[in-house]
Amino acid sequence: MSKNRVIFYIVFALFHLGAFIFTVVLDNNTNLLFSMVSWVPYFKWITLLGVILIIADVIWSWIINRDSQREKAALILELNTLKAKLFDLQEASSKSAGSPSSQAK
């Protein structure tokens, strides 16, 4: 996993840890909840950040998957080309070894 990906997951984990701690602090404390009504616009932006992080992770995973599939296809093509060349070399050597002009009398 790349360094950028690890940093992304650390930020993502901290976001979720913060959300969990926030919900634990609010555990049945309605006075604290009512005092936080003025903070609701900030909560909207924070949850939007969480959604953006999830979307970024999905897109990042999709890009990595697409690139790895392209690389795999290129490697398979190269392997098939090498197999064909090896087959051609084996055919050429078997024809030259089996031809009557190359056998000793």
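Note that these values count all heavy atoms, side chains included, but never hydrogens, waters or copies made by symmetry.
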Results of side chain to side chain contact (heavy atoms under 4.5 Å, CB included) for [X] - residues two or more places apart only:
X: Val51; answer: Ile55
X: Leu89; answer: none
X: Ile21; answer: Leu17, Val25
X: Ile52; answer: Leu48

All pairs passing ring pair (Phe, Tyr, Trp, His ring centres under 6.0 Å) where residues 49-83 contributes a residue, at least two apart: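 The answer is Phe8-Trp60.
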I need the full list of salt bridge (Lys or Arg N to Asp or Glu O under 4.0 Å) pairs touching residues 39-56, with sequence neighbours left out, sorted by first then second residue.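 As it turns out, there is no salt bridge (Lys or Arg N to Asp or Glu O under 4.0 Å) pair with a partner in residues 39-56 once direct neighbours are skipped.
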Provide the closest heavy-atom pair for Ile46 versus Phe15 in the form atom of the first, atom of the second, distance.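 Shortest heavy-atom contact: O-CE1, 3.3 Å.
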Do any pairs count as a side-chain hydrogen bond (donor to acceptor under 3.5 Å, both in side chains) and have a residue in residues 3-23, sequence neighbours left out, and if so which ones?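 For residues 3-23, and leaving out neighbouring residues, the side-chain hydrogen bond (donor to acceptor under 3.5 Å, both in side chains) pairs sorted by first residue read Arg5-Tyr9, Arg5-Asp57, Arg5-Ser61, Tyr9-Asp57.
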Transitive ILVMFWY cluster of Val24, excluding itself - 4.5 Å side-chain cut-off: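 Besides Val24, the cluster holds Phe20.
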With Phe43, which residues qualify under ring-ring contact (aromatic ring centres under 6.0 Å, His included), at least two apart?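 Phe43: ring-ring contact (aromatic ring centres under 6.0 Å, His included) contacts with Phe22.
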Do any side-chain atoms of residues 64-80 form donor-acceptor pairs under 3.5 angstrom with protein atoms, and if so which ones, sequence neighbours left out?
residue: Ser68; atom: OG; partner: Ile64; partner atom: O; Å: 3.3
residue: Ser68; atom: OG; partner: Asn65; partner atom: O; Å: 2.9
residue: Asn80; atom: ND2; partner: Ile76; partner atom: O; Å: 3.4

Using the side-chain hydrogen bond (donor to acceptor under 3.5 Å, both in side chains) criterion, which residues pair with Thr47? Sequence neighbours excluded.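 Not a single residue meets the side-chain hydrogen bond (donor to acceptor under 3.5 Å, both in side chains) criterion with Thr47.
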Is there a path of hydrophobic side-chain contacts, each under 4.5 Å between heavy atoms of I, L, V, M, F, W or Y residues, that connects Trp45 with Leu53?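 No, separate clusters.
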